[in-house]
Amino acid sequence: MEFSELIRTGRAEALLLPGPGQSPVRGTLCITSHHLLLSAGHGSPSDLWLLLRNVDAVEKRAAGNSGTITLKCKDLNVLQLEIEGLEETLDIAGSIEALSSLESVTTSYPFFYRPQSLKLGDAEDLHPPDHFYQQVALETNGWRLSTVNRDFYVCASYPTALVVPRGIGDEVLARSARFRQGGRFPVLCYYHSINGTVMLRSSQPLQGANRRRCAEDEELLKAALAQGGGRGLVLDTRSAQAVKQARITGGGTEAKAAYPGWKRLHRPLERGRPLQDSFVRLVEACTDPSLSMDRWLSRLDGCRWLTHVKEALTTACLAAQGMDREGVCILVHGAEGTDATLLVTSLTQLILDPKCRTLRGFQSLLEREWIQAGHPFQQRCAHSAYAQGRPKHEAPIFLLFLDCVWQLSRQFPLSLEFGEGMLLALFEHAYASPFGTFLCNSEKERYLCEVKTKTHSLWSSLNQSKERKRLCNPIYSPNPLALWPSVEPQSLQLWAGLFLRWTRPPEPAQEAWEQLWKIVTEKEVADPL
Amino acid sequence: MEHIRTTKVEQVKLLDRFSTSNKSLTGTLYLTATHLLFIDALQKETWILHHHIAAVEKLALTTSGCPLVIQCKNFRIVHFIVPRERDCHDIYNSLLQLSRQAKYEDLYAFSYNPKQNESERVQGWQLIDLAEEYRRMGVPNLNWQLSDANRDYKICETYPRDLYVPRIVSKPIIVGSSKFRSKGRFPVLSYYHQDKEAAICRCSQPLSGFSARCLEDEHMLQAISKANPSNRYMYVMDTRPKLNAMANRAAGKGYENEDNYSNIRFQFVGIENIHVMRSSLQKLLEVNGTKGLSMSDFFSGLESSGWLRHIKAVLDAAIFLAKAIVVESASVLVHCSDGWDRTSQVCSLGALLLDSYYRTIKGFMVLIEKDWISFGHKFSDRCGHLDGDPKEVSPVFTQFLECVWHLTEQFPQAFEYNEAFLLQIHEHVHSCQFGNFLGNCQKEREDLKLKEKTYSLWPFLLDDQEKYLNPFYSPNSQKFTVLEPNTVPFNFKFWRNMYHQFDRTMHPRQSVLKLIMNMNDQNKHLEKEIKELESKIKHQKNRQSDTILTKESLRSVHPDSPALKPSLCFKKEQILLPVNDAIRTIEGSNTADNRYSEYAEEFSKTEPAVVNLEYGVARMTC
């Protein structure tokens with residue numbers, strides 16, 4: 001195994017300095033291929049078990065014959081370790097740095113993690129790829145399941161099974177794919193059974209400076225429109241200016257003349273570097289308790305995170321309103337169609353579809369609209385807010401989605417079956433996880449790495465009954481209506497449970513949550529009377 | 001009634017305050033002796049008490065009519081459009097008169113009649129007994145006694161009659177000290193901490209100027225520190241910014257010179273004065289009233305208003321006070337300039353941190369009676385009850401409530417009352433419906449014979465206390481004896497439910513609190529029903545007749561809800577927690593309430609390449 005070469009010193013005496021509301025732990029520190037352990041002996045409850053993949057940045061400081069290592073984690077926690085011996089300190093820091101940034105997927109921890117309570121492959125039937133199609137087929141006959149991408153040849157970032165208009169043949173799809181960046185031709189992602197309108201997603205058309213057209217692509221969208229009521233809206237997640245820029249490099253958007261019945265709306269959403277910077281600056285502000293009130297407010301403003309939340313929610317509400325109230329079909333895309341596009345399509349479904357708001361339904365939404373839809377998790381979540389050096393492909397677009405869901409849960413506290421605990425768990429696992437669910441960038445990569453057969457699924461772990469109390473919302477009551485949130489600045493809040501999780505002393509809010517469970521379970525006991 | 005010329009105007013439009021497309025409701029406007037009432041086409045009623053009106057403004061005539069904007073002290077803002085200018089002018093003039101009374105006797109409280117008999121009214125006023133409260137704290141005792149020096153308000157007009165001072169202080173000392181303090185407000189006891197034997201005392205600034213001394217005042221302070229056997233030194237907290245205090249020296253006032261007083265530790269805590277607070281809130285409300293407010297403008301407005309900074313300063317001062325008592329067992333003397341604004345804030349919040357009694361519904365009433373009403377916080381001046389000097393108006397008490405709200409947010413289990421309780425108190429501080437908050441001090445209240453002519457708010461709140469209970473309250477938790485709040489800036493947020501309490505579209509669509517209260521309600525109800533049924537079964541068994549049993553039990557399955565009993569002190573619009581309305585009804589389940597459609601319209605103006613969904617008109621640029 002290559003790991004042993006990377007571990008220069010496996011063992012040292014260390015002291016974990018206490019975070020707010022905690023007590024220090026002194027004991028033996030041990031580095032294994034995937035973990036950092038700090039044990040005070042006798043299996044004490046304060047033992048530290050840290051997945052090395054969770055380490056975002058390592059800082060070391062030497063003082064005399066000992067050293068301090070600061071581990072900044074991807075889940076935003078910050079740990080400080082005092083280690084005896086200067087050489088040990090440097091060796092351990094080096095080992096952590098090397099082990100936490102291994103690129104290879106197949107040597108990552110999920111391929112070694114074998115919990116006793118779970119069986120390999122037991123999640124395979126949990127969210128089968130054609131499940132969504134079967135749901136749609138119950139409602140309408142206008143769509144079919146295409147396997148044009150069965151060998152990932154037409155589109156590397158799409159799954160093998162895709163839902164397309166019934167009258168459109170596979171060869172049309174293949175041609176349309178050639179006209180779309182990365183081969184992401186328009187596919188159905190949500191069928192609104194109340195009025196039969198549909199939501200599609202794709203990547204940008206490769207229009208280019210000379211405004212190329214593609215008959216098959218036009219045919220495909222025309223067929224989709226015919227199924228969904230005749231009026232369509234292309235929701236481009238970029239500004240009109242950005243589209244112009246994209247055209248120079250071969251991209252573009254749907255020309256009005258080429259797609260009769262489709263109108264266009266630009267709703268620029270932040271992505272990529274600026275979004276990552278926004279995240280980094282927010283976390284910087286949240287970890288600095290020395291700020292004055294004015295500085296804090298101005299940095300909260302300056303990082304623009306909540307502006308991004310507001311924009312994302314507004315765009316999703318607009319799409320949902322279009323479908324639900326105005327009977328319009330929606331096609332969402334930006335450039336690649338793997339980031340802001342998925343943010344909008346998944347949020348829209350959460351707003352409109354009560355099925356997405358259950359614990360299982362939400363998992364299935366994530367599986368379908370993020371994992372199988374090809375959000376490049378490995379690239380986007382390679383680093384969190386602390387990593388030094390220039391980010392390459394990192395962007396917290398999934399975190400932005402979770403934040404928007406959290407805002408919904410604040411405004412509709414009874415309408416989501418899952419609670420804040422679920423959202424926090426998803427954030428952690430997206431960045432560092434013993435499970436294979438968020439590994440790789442697409443279904444194709446997962447297939448090549450045999451992720452589904454060699455790792456455990458996060459969903460099977462989360463669906464165990466012992467997790468219920470942490471993840472579920474005790475006061476959930478199914479709500480058949482659409483959730484129309486307020487998007488006024490006064491209605492949106494900083495997600496303290498995530499961004500201030502480690503800087504605040506253990507919260508009395510946690511206890512209130514416990515009590516809520518108690519009240520509700522007592523009520524259940526009292527109810528049959 | 002002589003001010004009312006038009007009592008009813010039809011075809012009036014009520015504009016949605018935040019709508020960018022001037023969405024409105026049409027209805028009829030009625031003007032009564034006490035309220036302005038708007039009933040829209042859907043029969044929804046909007047009641048506005050004249051006394052709640054802070055400002056009325058008539059804007060320039062438009063094609064659709066004459067706009068009338070009314071700003072209320074409970075932060076409601078309504079924007080009417082009256083079709084005929086003449087009607088608008090009449091209503092405007094009437095409201096100007098009705099909302100600014102010149103005499104106390106014209107206020108609502110003097111005509112308000114909740115149909116209570118005389119003995120209930122008298123009992124209502126006796127509900128809060130401050131002598132009882134001091135006994136609860138453990139005074140009088142070995143070191144503290146009740147002084148009758150101010151029995152006839154001779155020494156200090158703005159203090160209550162009953163004052164508690166150190167036992168060793170004689171009357172000449174009191175008189176001497178009061179002459180050396182602004183408005184005669186000499187140091188007296190506000191709160192006594194039994195375990196630590198330490199006291200919170202309050203007073204106004206000394207008339208020290210640049211060099212003046214007063215031996216009696218020095219004696220007084222020494223007596224306060226001697227009254228605390230566990231600690232020799234005491235703190236003197238000047239709640240003003242140092243610069244303000246120094247400026248006061250030029251006017252012959254100022255602050256204590258540490259050299260002249262033995263064993264005092266002097267401390268400034270820097271809370272700004274009433275004028276700064278007034279304009280800070282004004283700025284905050286201006287920003288938040290903007291249509292189509294962006295996130296960035298919201299935060300920069302929040303920052304530049306300084307409001308949360310002031311809230312933090314007040315809380316920090318209270319924490320300093322509580323720490324001095326708990327950690328050092330030291331007594332603390334608190335003052336500002338006159339000792340009725342910042343001093344009331346800091347003393348009452350300090351006591352709230354120290355003593356869990358004040359975190360109960362009854363205890364909070366006592367706290368307000370003691371530190372605010374009895375010690376002469378000038379409610380009538382600060383709330384502008386009468387037509388007076390606008391420079392005297394300031395949201396000092398609102399700030400106190402907001403500080404309490406921040407504490408309830410940080411310690412969700414430590415308070416018996418919930419947010420609705422704080423909002424309701426705020427409502428009635430300004431409503432002039434009850435006598436409690438009228439006048440500026442106890443002497444004035446006695447002169448007005450408020451206890452004979454008006455009703456007290458507290459019994460009405462107690463009758464309704466179900467609405468104000470915090471379901472998470474755990475009174476027995478040891479952790480919450482002394483609260484130690486964390487005041488790093490990220491623990492402070494904008495209090496939407498206060499400053500936008502009537503802008504329902506901004507509120508969460510479902511409420512956990514409502515749900516739990518409803519559950520508790522149901523549980524109680526079910527338990528009651530079980531008892532009833534059990535007793536009936538017993539009864540029926542005796543009579544050996546089952547036919548009646550089935551009938552009776554069927555009837556009691558759907559009884560009247562206990563929560564529906566209308567309460568007299570609530571005006572119709574004040575259903576803050578409509579406990580019984582179907583809990584799962586979702587407000588804002590209509591997109592029109594949320595103004596998303598307006599985003600589309602709005603963007604069609606600013607960005608050319610935008611589709612307007614509603615009219616199907618598209619303008620493309622590419």
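So you know, we letter chains A, B, ... as the sequences are listed, proteins then strands, and number each from 1.
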Option among A:R212, A:R247, A:E254 that satisfies the side chain to side chain donor-acceptor pair (under 3.5 Å) test with A:Q207: A:R247

Per-residue contact mode, A:L306 against chain B (heavy atom under 4.5 angstrom): both

Under-4.0 Å salt bridge between A:R295 and A:D288: no

Chain A contact via B:R309 - side chain, backbone, both or neither, heavy atoms under 4.5 Å: both

Side chain / backbone / both / neither for A:L516 at chain B, heavy atoms under 4.5 Å: both

Per-residue contact mode, A:S290 against chain B (heavy atom under 4.5 angstrom): neither

Among the listed options B:K312, B:H500, B:K493, the residue most often paired with chain A at heavy-atom distances under 4.5 Å: B:H500

Max heavy-atom pair count under 4.5 Å with chain A, selected residue of B:V488, B:D503, B:L308: B:L308

Atom CZ of B:R17: over 12 foreign heavy atoms under 6.0 Å: yes

Among the listed options B:S294, B:A414, B:S304, the residue most often paired with chain A at heavy-atom distances under 4.5 Å: B:S294

Within 6.0 angstrom of A:R304 CZ, more than 12 heavy atoms from elsewhere: no

A:E420 bridged to A:R501 by N-O distance under 4.0 Å: no

Any donor-acceptor N/O pair, A:R238 side chain to A:H266 backbone, under 3.5 Å: no

For chain A, the option from B:F299, B:F492, B:Y499 that forms the most heavy-atom pairs under 4.5 Å: B:F299

Among the listed options A:Q411, A:Q493, A:Q490, the residue most often paired with chain B at heavy-atom distances under 4.5 Å: A:Q490

Ring-ring centroid check B:F298 B:F494, cutoff 6.0 Å: yes

